[in-house]
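Notes for the one structure printed next.
The residues of the chain are indexed from 1 along the displayed sequence.
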Amino acid sequence: IQKKAAIWTDEVIYAQVNDMVTLEPPKTYSPTEHYLYWSFGGLELAWRNPIGGSGLNADILIWSGNSLIITKIPQGQFGTFTCTLGRDKIEKNLSMNQTSPLLPGDRVSLTCDAEKPHSLKSPQIHWLNPQGVRIFGYQQTVTATGLHNGEWTCVVTNDNKEKRAKIKVTVVDLSPAPTSPLYTSKSQPLTIPCSIPSGISWEQVKAKGVQGVHWDYFPNTGLSHISGDPQRLFSLSLNDTLRWQPDRSRGLTPVSSLIKGNLSLFINKAKEEDRGDYVCTMKFRNGVTLKRTVQVNVLQIISSPETDLISGQQLNLTCSLGRLLSSDLQLKLIPPEQSALQLLTSDREPALLNIPEVGTGDSGKWRCELWQRSARLTYAVIALKIEPKLSVWMLIIICSVTVIVLLLLVLVFILCHRRQVQLNHPYSYVLDHTGWH
């Protein structure tokens, strides 16, 4: 508590026992700025503070505006009453025992000291973390993670009035990875996310001793197995100009906002070979390694034997994610609108549809969709082209027409050849006993 000023004035009031006496504060008193204390013989009688609190220590005392009234002054209360004004305030001292920015794993203590002013109860203190969660106690000691990055608020409560003070904690970390796998297909683009949280600059990252940033890929080699042999995709050059250096890009491209801390990768059309885990890694000199793993699943639809068919052929369609389905996932195989076939729904991997004889109505776009409860996660599309089947009479007609056309072509060729011979030999000669004619 700091007392900024104390003001004393002298005034004489004449009264007799049981009279009502009004004690006025000094003219310099401001209810919104000053603490006011009335005392008699060293004992405190009443007080008021600028945040609306007040107190009376005797039944014969009441407040009337800024004045203190003694309703019936007793015999023993004749003497000197003292009014003291002050600019008392609750002092909130915030401190942190570590220098920001921090790395995940660093221990940090946040302390909020608040001394109580004269004649007030001890204030209640709690903290609000960056997510707004209330934490009781004037001191908080935590092991730093990305969740601790941001503004911490110390809240001091006294007489139902709140005072707040803030302190910023910066934790160099990577943003959280998606809690669920990502799903894509040849029909949809995909961004594989990794980033530095907003508010953290590359200068702060470099100041903490970053040694390297890179992306690795762990291919999916089966329905549930991820290969232990990673493939390095990109490495970040940490020179004055930040830039990605490709090792084995696999058709992926980094996003363009690297200077803003966005480390994400983009894939336009995924392939079956792109299934697997993508790991974004940031290493520091002190041994701290930050990693974020993103699982990517690619949905595909396959036609066997092919996509160009003749009516009456057998067709097998496969809708596959390449991994076992969890209990909340479902595959749907949707035929074209004009098809007489029904929607196929399956909670098993893969979804298989066998059509003994396809018809022309089955021609068009077939959709393979992946659903999670009532939400569609992704889809894949395949276009089938089915030609009508030829009958025996149609084959006879086609063959007959073909033979006639061939005969006509032969006849035309013969006539053209004879005509050409006549043009090359316009005169004929006959030899008899008289000679050439």
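Under the 4.0 Å criterion applied to side-chain N and carboxylate O atoms, Arg373 and Asp328 are assigned as salt-bridge partners.
Taking CD of Glu306 as the reference point, atom NZ of Lys385 lies at 11.5 Å (rounded to 0.5 Å). Taking OG1 from Thr153 and CZ from Arg164, the interatomic distance works out to 6.5 Å, rounded to the nearest 0.5 Å. Residue Leu45 holds its CG atom at 11.0 Å from SG of Cys83, rounded to the nearest 0.5 Å. Here OG1 of Thr345 is found 10.5 Å from CD of Gln342. Values are rounded to the nearest 0.5 Å.
One N or O on the side chain of Lys208 and one on the backbone of Pro101 form a donor-acceptor pair closer than 3.5 Å. The backbone N or O of Thr241 lies less than 3.5 Å from no partner atom in the side chain of Asn239, so there is not a single donor-acceptor pair. Side-chain atoms of Trp215 come within 3.5 Å of backbone N or O of Leu263 as a donor-acceptor pair. Under the 3.5 Å distance criterion, the side-chain polar atoms of Glu349 are matched with a main-chain donor or acceptor of Gly322. Counting only distance, with no hydrogens or angles, the side chain of Arg376 and the backbone of Leu370 share no donor-acceptor pair below 3.5 Å. With Trp202 contributing its side chain and Leu258 its backbone, the two residues share a donor-acceptor pair below 3.5 Å. Formation of a donor-acceptor pair under 3.5 Å by the Asn66 side chain with backbone atoms of Glu24 is not found in this model. The main-chain N or O of Ile334 is never found under 3.5 Å from a side-chain atom of Glu369 such that the two would form a donor-acceptor pair. Checked by atom type and distance alone, the side chain of Arg292 never pairs as donor or acceptor with a backbone atom of Cys280 at under 3.5 Å. Gln188 places no side-chain N or O within 3.5 Å of a backbone atom of Ser185 that could act as its donor or acceptor partner.
The aromatic rings of His148 and Trp152 lie tilted to each other, with the angle between the two planes from 30° to 60°.
Under the side-chain hydrogen bond (donor to acceptor under 3.5 Å, both in side chains) criterion, Arg250 pairs with Gln231, Asp274, not counting sequence neighbours. Here Ser30 pairs with Thr32 under the side-chain hydrogen bond (donor to acceptor under 3.5 Å, both in side chains) rule; sequence neighbours left out.
When each of Ile302, Thr318, Leu333, Ile301 is tested with Pro350 by the rule side-chain contact (heavy atoms from CB on, under 4.5 Å), just one qualifies, namely Thr318. Results of the side-chain contact (heavy atoms from CB on, under 4.5 Å) test with Leu233 over Asp216, Asp247, Leu265 single out Leu265 as the only residue that passes.
Residue-environment remark: NZ (Lys271) exceeds the threshold of 12 foreign heavy atoms within 6.0 Å.
Both tests pass for Arg48 against the ring of Trp63: distance under 6.0 Å to the centre and angle within 45° of the axis.
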Next item on the list: Check the pair Ser195 / Ser175 against side-chain hydrogen bond (donor to acceptor under 3.5 Å, both in side chains), numbers first and verdict last.
Entry: CA-CA 6 Å; Ser195 63; Ser175 297; 3.1 Å; yes

